Amino acid sequence: MEISASVKAEELTFSEVPEVSVDFPGDAEQDAASGSDRTNLPDEVEPGVTYRDIHVDYRIASRLTGQDRPDNRED
């Protein structure tokens with residue numbers, strides 16, 4: 001499964017540094033990854049700084065790899 005999103009803004013100011021995390025819960029064996037491509041926005045933002053003309057493309061992807069995959073189950 002893959003989820004992607006794009007965000008654009010003329011101006012963006014953070015009042016505090018956000019705490020961000022991505023979690024892939026569950027017991028199934030899986031390959032998972034997430035990441036972003038940013039324009040005019042650093043990986044670590046600073047509070048009170050106004051960032052201009054930003055663009056962020058974000059992607060989350062995960063796939064089952066073990067015995068719990070639907071095509072490996074016995075009916």
Side-chain angles (χ1 to χ4, degrees):
M1 175 172 55
E2 181 176 310
I3 299 171
S4 60
S6 293
V7 178
K8 290 182 180 182
E10 290 180 15
E11 290 186 351
L12 181 62
T13 305
F14 294 88
S15 58
E16 59 186 57
V17 176
E19 291 184 33
V20 180
S21 66
V22 176
D23 186 29
F24 298 93
D27 297 331
E29 294 178 37
Q30 61 181 314
D31 284 334
S34 65
S36 64
D37 292 321
R38 299 168 177 230
T39 303
N40 296 329
L41 187 68
D43 287 336
E44 295 184 22
V45 298
E46 296 182 33
V49 174
T50 299
Y51 301 95
R52 291 181 171 74
D53 192 27
I54 69 155
H55 184 134
V56 179
D57 291 319
Y58 193 78
R59 182 175 154 226
I60 299 171
S62 180
R63 70 182 176 113
L64 296 177
T65 59
Q67 294 297 321
D68 293 331
R69 289 183 10 202
D71 57 343
N72 285 346
R73 292 190 181 158
E74 294 180 17
D75 291 326

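Quick note: residue numbers are just sequence positions, from 1. What you are looking at is a predicted structure, and each value in this text was computed from that prediction instead of being measured.
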Quiz item: Does Thr39 have any side-chain hydrogen bond (donor to acceptor under 3.5 Å, both in side chains) partners at least two apart in sequence or in another chain, and if so, which?
Solution: none

Practice problem: Could I get the full list of side-chain hydrogen bond (donor to acceptor under 3.5 Å, both in side chains) partners for Asp43, not counting sequence neighbours? | Solution: none

Acceptor/donor pairs from residues 9-21 side chains to any protein atom, 3.5 angstrom cut, sequence neighbours excluded:
{"residue": "Thr13", "atom": "OG1", "partner": "Thr50", "partner atom": "OG1", "Å": "2.8"}

Exercise. Please round to the nearest 0.5 Å and tell me the distance separating atom CD1 of Ile54 and atom NZ of Lys8.
Key: 11.5 Å

Exercise. Look at the side-chain heavy atoms of Ile, Leu, Val, Met, Phe, Trp and Tyr, link any pair under 4.5 Å apart, and say whether Tyr58 and Leu41 land in one connected group.
Key: no

Quiz item: Would you say the side-chain atoms of Asn40 pair up with the backbone N or O of Asp53, donor to acceptor, closer than 3.5 Å?
Solution: yes

Practice problem: Determine, using the 4.5 Å side-chain heavy-atom cutoff (strictly less than), whether Met1 and Ile60 are members of one ILVMFWY cluster. | Solution: no

Quiz item: What's the spacing between Ser34 OG and Arg59 CZ if we round to 0.5 Å?
Solution: 10.0 Å

